[in-house]
Enquirer: 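Handing you a structure now.
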Protein chains: 2
Amino acid sequence: MISESSKRKISESTIHRLSLYYRVLSVLEKENKETVSSKELAKREKLTPAQVRKDLSFFGSFGTRGLGYPVMELKRQIGDILGLNRTWNVALIGVGNIGSALVGYKEFQRQGFQIRIIFDNDQRKIGSNHKGIQVADIGNLEKELKESKIEIVVIAVPATVAQYIVDDVVKAGIKAILNFAPVNLKVPEDVFLRNENMSMELEYLSFALINLQNGKRA
Amino acid sequence: MISESSKRKISESTIHRLSLYYRVLSVLEKENKETVSSKELAKREKLTPAQVRKDLSFFGSFGTRGLGYPVMELKRQIGDILGLNRTWNVALIGVGNIGSALVGYKEFQRQGFQIRIIFDNDQRKIGSNHKGIQVADIGNLEKELKESKIEIVVIAVPATVAQYIVDDVVKAGIKAILNFAPVNLKVPEDVFLRNENMSMELEYLSFALINLQNGKRA
DNA sequence: TAACAATTGTGAATTGATTCACATTCATTT
DNA sequence: AAATGAATGTGAATCAATTCACAATTGTTA
Ligand SMILES: NC(=O)c1ccc[n+]([C@@H]2O[C@H](COP(=O)([O-])OP(=O)(O)OC[C@H]3O[C@@H](n4cnc5c(N)ncnc54)[C@H](O)[C@@H]3O)[C@@H](O)[C@H]2O)c1
Ligand SMILES: NC(=O)c1ccc[n+]([C@@H]2O[C@H](COP(=O)([O-])OP(=O)(O)OC[C@H]3O[C@@H](n4cnc5c(N)ncnc54)[C@H](O)[C@@H]3O)[C@@H](O)[C@H]2O)c1
């Protein structure tokens, strides 16, 4: 457990890189590698060895000088930090194009993110079973979120209604929200909100093609 | 046009924020707002006015002191910078869960990202029409990419085959790739590769729930 | 068991991004 | 036409993230 005082200084990028390390370690585990150096870890994700060591050092000393890091053990430790050695009860709101894709994605399940319930306002969808998961009426949102002990909510509804939905989700006491709608949602200070903005990366590519084509990479 | 020397100093975060500004400006345009201040722009995306002004200043002076920025004009300018005032020929490789969602997403079209052709290796899908777009055989990748004058390729195939596919895409001369597979793909220096990693944001939420719950936000 | 090679963990230095603060400019009002 | 108020554009200052560089430690070899 991280001490109260050390909490504030771990950056978002460090956490994102932990996700990458975790992914690499999973691969190394399958390759039956016992240990891995910061150099190798860095190479596999195009980072620097110093970056890897610094990131890990925020959370403890996991390596052995001269040898490197024990693959299985480090994976477990990062898993503990990121909360991947447990399951999370997830609800999905809006089962259209993107919502359906998420439901069909088994990798999330494997990582412990279990979609327990789906909400929609389309009468044709409500009551049906979407890949084995019940589709509930958005009208029963608060009640069902509580009954299913949901911890994380994924928003996949049109941008126009996302703020209304999120207000209800917050009222139901949810503290973690992943939003796919291209809109800046307002939530209270104590609710964690992350946005998945697919257009951004396409737009970055577009920018790069126009502006960086003949120079060095950004 | 940006001068050769100024190219290197514009950060990725600045470009990502331009995307946000563009989105806000589109909304303001619909609300018939003539001008907008850096203060208002900042408020709508939870940024600081200084940040907004600094970001824009990298590309020129678009505002009027005492007044603010002209909404339509600034939108057009940012659109020029990001390449959104034109269309891009996009190819999608892999039309499974996530690929289908992307094809069904009209917002990309509206932004100028036009999916012209889809590739898959599933015989049941090849030859069919997916929402009006032809599904081609992955075997004809290089030929078809060139014929369709594709500029951006979106990878939505299983992680296990993504590197092989990307190698072929690069061979076909494509310089911009958006990858949805959770794997670090290797591409030459002159190819722009962006990754869309949905697990990362879920993992960040998981981390936040465990580690930041009782303290201040990260 | 001593020397060697490898690699960590971490303060210090550096580089990069954000914020500050204010002179400047423009529109409006008197 | 002068005074006022609002808001930009930008160097300088601050804050944050990354990289450097090296002492410390471990496993291996002679
Ligand atoms: N499809 C994509 O690839 C993609 C990519 C990026 C972002 N997004 C965003 O994700 C969101 C969903 O996109 P989509 O393409 O899946 O749209 P969609 O229209 O296919 O799906 C939206 C779903 O939300 C449901 N819904 C609408 N209003 C609701 C309400 N008030 N309560 C509950 N459910 C409601 C609809 O019945 C539908 O099932 C949008 O905000 C979109 O901008 C989608
Ligand atoms: N579904 C999601 O929500 C989601 C989220 C994040 C990341 N991803 C990633 O996106 C990728 C696709 O995921 P998915 O859920 O759509 O998988 P999927 O299995 O539904 O779709 C994959 C598609 O790729 C095609 N394909 C397989 N091998 C191919 C080849 N060699 N050449 C051409 N086409 C080939 C398949 O026929 C299929 O249509 C995966 O890498 C996955 O990890 C998916």
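A, B, ... follow the sequence lines: proteins, then strands. Residue 1 opens every chain.
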Enquirer: Given atom CZ of B:F59 and atom P of D:dT8, what is their separation to the nearest angstrom?
Expert: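 After rounding, the reported distance stands at 18 Å.
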Enquirer: Can you check the A:R17 CZ to D:dT19 C1' distance for me, whole Å?
Expert: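 So the CZ-C1' distance, A:R17 to D:dT19, works out to 12 Å.
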Enquirer: Would you tell me if any nitrogen or oxygen in the side chain of A:Y69 comes within less than 4.0 Å of OP1 or OP2 on D:dT26?
Expert: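 Checking A:Y69 against D:dT26: no side-chain N or O falls below 4.0 Å of OP1 or OP2.
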Enquirer: Output yes when at least one side-chain N/O atom of B:R53 is less than 4.0 Å from OP1 or OP2 of C:dT19, else no.
Expert: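 No, no such contact exists.
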Enquirer: Base, sugar-phosphate or nothing for B:T14? Non-hydrogen atoms, less than 4.0 Å.
Expert: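 No contact.
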Enquirer: When the nearest nucleotide of DNA chain D is assigned to B:S37 and to A:K54 on a heavy-atom basis, which residue is associated with the more 5' position?
Expert: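 The answer here is B:S37.
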Enquirer: Any carboxylate oxygen within less than 4.0 angstrom of a Lys/Arg side-chain nitrogen, looking at A:R44 and A:E31?
Expert: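 Looking at A:R44 and A:E31, the cut-off is met.
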Enquirer: CZ of B:F62 versus C1' of D:dA7: gap in Å, rounded?
Expert: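 The answer, rounded to whole Å, is 17 Å.
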Enquirer: Starting at atom CG of B:L56, determine the distance to atom P of D:dT8, rounded to an integer number of angstrom.
Expert: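 Atom CG in B:L56 sits about 9 Å away from atom P in D:dT8.
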Enquirer: Answer yes or no: does a side-chain N or O of B:S13 lie under 4.0 Å from OP1 or OP2 of C:dA17?
Expert: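 The answer is no; no side-chain N or O of B:S13 sits under 4.0 Å from OP1 or OP2.
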Enquirer: Taking CD1 from B:I15 and C1' from C:dG16, how many angstroms apart are they, rounded to a whole number?
Expert: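 So the CD1-C1' distance, B:I15 to C:dG16, works out to 15 Å.
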Enquirer: Decide, yes or no, whether a salt bridge links A:K33 with A:E29 under the criterion of side-chain N to carboxylate O below 4.0 Å.
Expert: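 No salt bridge links A:K33 with A:E29.
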Enquirer: Would you kindly give the OH-to-P distance between B:Y21 and D:dT8, to the nearest whole Å?
Expert: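 To the nearest whole Å, that distance equals 12 Å.
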Enquirer: With a 4.0 Å limit, can you tell me whether B:T48 has a side-chain N or O closer than that to the phosphate oxygens OP1/OP2 of C:dT19?
Expert: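 For C:dT19, OP1 or OP2 has a side-chain N or O of B:T48 closer than 4.0 Å.
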Enquirer: Nearest heavy atom decides the nucleotide; on that basis, is A:L67 or B:Q51 closer to the 5' end of DNA chain C?
Expert: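 Upstream on the strand: A:L67.
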Enquirer: Knowing that exactly one of A:L82, A:V24, A:I78 qualifies, which makes a side-chain contact (heavy atoms from CB on, under 4.5 Å) with A:S19?
Expert: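 The side-chain contact (heavy atoms from CB on, under 4.5 Å) with A:S19 is passed solely by A:L82 among A:L82, A:V24, A:I78.
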Enquirer: In this structure, how many angstroms lie between the C1' atom of C:dT19 and the CG atom of B:D55, rounded?
Expert: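 Whole-Å distance recorded here is 12 Å.
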Enquirer: Once you measure the plane-to-plane angle for B:Y105 and B:F108, does it fall in the parallel (<30°), tilted (30-60°) or perpendicular (>60°) bin?
Expert: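 The rings of B:Y105 and B:F108 stand perpendicular, inter-plane angle above 60°.
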Enquirer: Decide yes or no, distance alone: a donor-acceptor N/O pair under 3.5 angstrom between the base of C:dT7 and the side-chain of A:R65.
Expert: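 No, the side chain and the base share no sub-3.5 Å donor-acceptor pair.
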Enquirer: In whole Å, I'd like the distance from the CD atom of B:E12 to the P atom of C:dT15.
Expert: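 Value for this atom pair: 21 Å.
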Enquirer: Side-chain contact, heavy-atom cut-off 4.5 Å: A:R23 with B:P182?
Expert: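 Yes, close enough: below the 4.5 Å cut-off.
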